[in-house]
Number of protein chains: 2
Amino acid sequence: MSRLNLDERPVSFGVLVFPGFQALDVFGPLDAFNTLFFAFGAPLKLSIIAESLDPVSTRPRTAPPGASDFDESIVPTHTYDTAPPLDVLIVPGGRGTRDAVTVQRAIEFVGEIYPKLRYLITVCTGAGIAARAGVLDGRRATTNKKSWAGTIALRTQVHWVAHARWVVDGNIWSSSGVSAGLDVTFAFIAEVWGNQTAVDLANVLEYERHTNSSWDPFAELYGLVDPVPVTL
Amino acid sequence: MSRLNLDERPVSFGVLVFPGFQALDVFGPLDAFNTLFFAFGAPLKLSIIAESLDPVSTRPRTAPPGASDFDESIVPTHTYDTAPPLDVLIVPGGRGTRDAVTVQRAIEFVGEIYPKLRYLITVCTGAGIAARAGVLDGRRATTNKKSWAGTIALRTQVHWVAHARWVVDGNIWSSSGVSAGLDVTFAFIAEVWGNQTAVDLANVLEYERHTNSSWDPFAELYGLVDPVPVTL
C-alpha cells in the first residue's frame with residue numbers, strides 16, 4: 001500500500017445525488033470521510049451535487065404517489081452547473097439509476113468531470129452511471145450483485161468483474177452493492193492516508209472491515225460469472 | 001425469535017436529529033427500513049424529528065466557524081412539538097450529544113414519548129440521550145465503546161453492558177457505536193418480520209451481519225468492563 005504525502009492527498013470531494021439514491025451508498029462513505037475530517041483533522045471539503053439546490057429524496061421520481069412515506073431528503077450544496085473543481089467524485093447507486101431520465105444529467109456530469117478528477121469512486125449501481133458515461137470502457141469494474149444483469153447490460157465495453165467486493169483500475173474504485181461502499185472507502189483511505197489511519201477510523205466507527213477485495217459471498221449466492229467484454 | 005403477525009407489526013417510525021448527529025447512526029438503520037419499505041413492501045411511515053423544520057447538519061453546533069466544510073444536512077418532516085404518534089423511535093448519537101444545549105430538547109422528547117412507544121432503538125451515543133431522559137434507569141443497555149466512559153457517566157442508574165454489539169431489555173434495543181446500528185436493526189427486523197426477511201434484506205444490501213449480540217472486539221480493544229450500577 002502506498003501512502004501519499006500530505007500535499008499529495010485529495011482535498012475536494014464531491015458526491016452526486018438524484019431522486020431514488022440509496023441512502024447507505026452515500027452515507028457509508030461520507031460517514032467515514034466526515035469522521036476523517038472531524039475526528040482525525042484531515043483538511044477535506046465536500047460538495048453535494050444535484051440537478052438543482054432543492055432537497056433530494058431517497059424516494060424514486062417514478063414511485064407512485066402515496067406509495068412512499070418512508071424516505072429521507074438531503075440538501076445539495078451545488079448543481080451540476082456550479083460544481084467546483086473536485087479531486088474525488090463519489091457516485092452512489094439506488095433505484096433511481098433504473099430511470100434514464102432521473103440520471104441523464106448525472107451521466108453527462110461524470111463524463112464531463114472525469115478527465116479532471118484524481119479519483120472516481122462508485123458504489124453499487126453507481127457503476128452503471130459511470131459506465132453509461134463511457135469512463136469505464138476497457139476498464140475492470142464491479143457493481144451491485146442483486147442488480148448485476150441489468151447493470152452490466154448498460155455497457156458491454158466494460159470488463160465487469162463478478163466476484164469482487166471492490167475493484168481498482170487506474171484511478172477508478174468501484175464497489176459492489178450498498179454496504180460494500182464502506183469497504184471500498186476504507187481501502188481508499190488506507191491507500192491515501194495509510195493503513196493505520198484506516199484501522200483507527202474503523203475502530204472509531206466500530207466497523208469490521210472486509211480488507212480482501214475479492215471477498216464476495218453475494219456473487220456466489222447469485223451464481224454470477226464475468227461476462228466477456230465487447231472489444232472496442 | 002418471535003415473528004409478529006401482520007397487524008401487530010410497527011408502522012409509524014421516527015428518528016430524531018440534531019446538529020452533529022453521526023450520519024451512519026441514522027442512515028444505517030434507515031437504509032435497511034427504506035429497503036424494507038421499497039423492495040419488500042412493508043407498509044412503513046417515517047417522521048424525521050428535530051427542533052425546527054430547518055435542515056439539520058452533521059456539523060456540531062459548537063464546531064468553530066470555518067473548521068467544518070465536510071458535512072451533510074437532512075430535512076426534518078416534524079418538530080418535537082408536531083411529531084405524530086410513533087410505534088418506533090430511533091435515537092442516533094454523534095458529536096452533538098456531547099453538548100447539553102444541542103440535545104436538551106431531544107432528551108425531553110424521549111422522556112415524553114417513551115411511555116407511548118412500542119420500541120425504542122438507540123445507536124451509539126444515542127443511548128446517552130435516552131439515559132439522560134431516565135428511560136434506561138434499571139435497564140441493561142450498551143453504547144459507543146470509544147466514548148464509553150463519558151457516556152456511562154451521564155447516568156449511573158443504568159446497567160451498562162460493556163461487551164455487547166447490542167442489548168435488548170424489554171422494548172429498548174440499544175447498540176454499540178456507529179456501524180452497530182446496522183446489526184441492531186437487522187436483529188430488530190428479524191424479531192418483528194422474521195429471520196428470513198432479515199437474511200433476504202442483508203443479501204440485498206450485501207451486508208454481512210453480526211448476528212451474535214455479544215460479538216464485540218471493540219470492548220476488548222478498549223479494555224472495557226461493566227460498571228456497578230447505582231441502585232435506585
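Throughout, protein chains are lettered first and strands after them, A, B, ... in sequence-line order, and every chain is numbered starting at 1. It should be emphasised that the depicted structure is a prediction, and the values quoted were computed from it without experimental measurement.
At a 4.5 Å heavy-atom cutoff, the contact between A/A202 and chain B is made by backbone atoms alone. Contacts between B/L36 and chain A at a heavy-atom distance below 4.5 Å are absent for every atom of the residue. Both the backbone and the side chain of B/F27 come within contact range of chain A, each with at least one heavy atom under 4.5 Å from a heavy atom of that chain. Contact annotation for B/A32: neither backbone nor side-chain heavy atoms come within less than 4.5 Å of a heavy atom of chain A. B/I48 touches chain A through its side chain: at least one heavy atom from C-beta onward sits under 4.5 Å away, while N, CA, C and O do not.
Using bins of under 30°, 30° to 60° and over 60° for the plane-to-plane angle, the ring pair A/F33/B/F70 lands in the tilted bin.
Residue A/Y207 holds its OH atom at 9.5 Å from CG of B/L24, rounded to the nearest 0.5 Å.
Residue pairs meeting the side-chain hydrogen bond (donor to acceptor under 3.5 Å, both in side chains) criterion with at least one partner in residues 40-55 of chain A, sequence neighbours excluded, are A/S52-A/D54. Sorted by first and then second residue, the salt bridge (Lys or Arg N to Asp or Glu O under 4.0 Å) pairs involving residues 173-188 of chain B (not counting sequence neighbours) are B/R165-B/D183.
Looking at A/N203 and B/L221, their side chains come closer than 4.5 Å, going by heavy atoms from C-beta outward. Counting only heavy atoms from C-beta outward, the side chains of B/V75 and A/V75 approach each other to under 4.5 Å. Residues A/L30 and B/T58 fail the side-chain proximity criterion, which asks for heavy atoms closer than 4.5 Å. Between A/V178 and B/T35 the shortest side-chain heavy-atom distance does not fall below 4.5 Å.
Among all heavy-atom pairs drawn from B/D71 and A/L46, the shortest one is O-CD2, 3.6 Å.
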Please tabulate, one pair per line, all N/O donor-acceptor pairs under 3.5 Å involving side-chain atoms of residues 92-100 of chain A, not counting sequence neighbours.
from: A/T97; atom 1: OG1; to: A/G94; atom 2: O; distance (Å): 2.8
from: A/T97; atom 1: OG1; to: A/T125; atom 2: OG1; distance (Å): 3.3
from: A/D99; atom 1: OD1; to: A/R61; atom 2: NH2; distance (Å): 3.2
from: A/D99; atom 1: OD2; to: A/R61; atom 2: NE; distance (Å): 2.9
from: A/D99; atom 1: OD2; to: A/R61; atom 2: NH2; distance (Å): 2.8
from: A/D99; atom 1: OD2; to: A/T102; atom 2: N; distance (Å): 3.1
from: A/D99; atom 1: OD2; to: A/T102; atom 2: OG1; distance (Å): 2.4

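For the 3.5 Å distance criterion, the side chains of B/E206 and A/S176 qualify, holding a donor opposite an acceptor. No side-chain donor-acceptor contact under 3.5 Å links B/Q22 and A/N34.
Judged purely by atom type and a 3.5 angstrom limit, A/S179 uses its side chain to pair as donor or acceptor with the backbone of B/L205.
Heavy-atom proximity under 4.5 angstrom to chain A picks out B/E208, B/H210, B/W215 from residues 208-215 of chain B.
Heavy atoms of other residues, nucleotides or ligands lying less than 6.0 angstrom from CZ of B/R140 number 12 at most.
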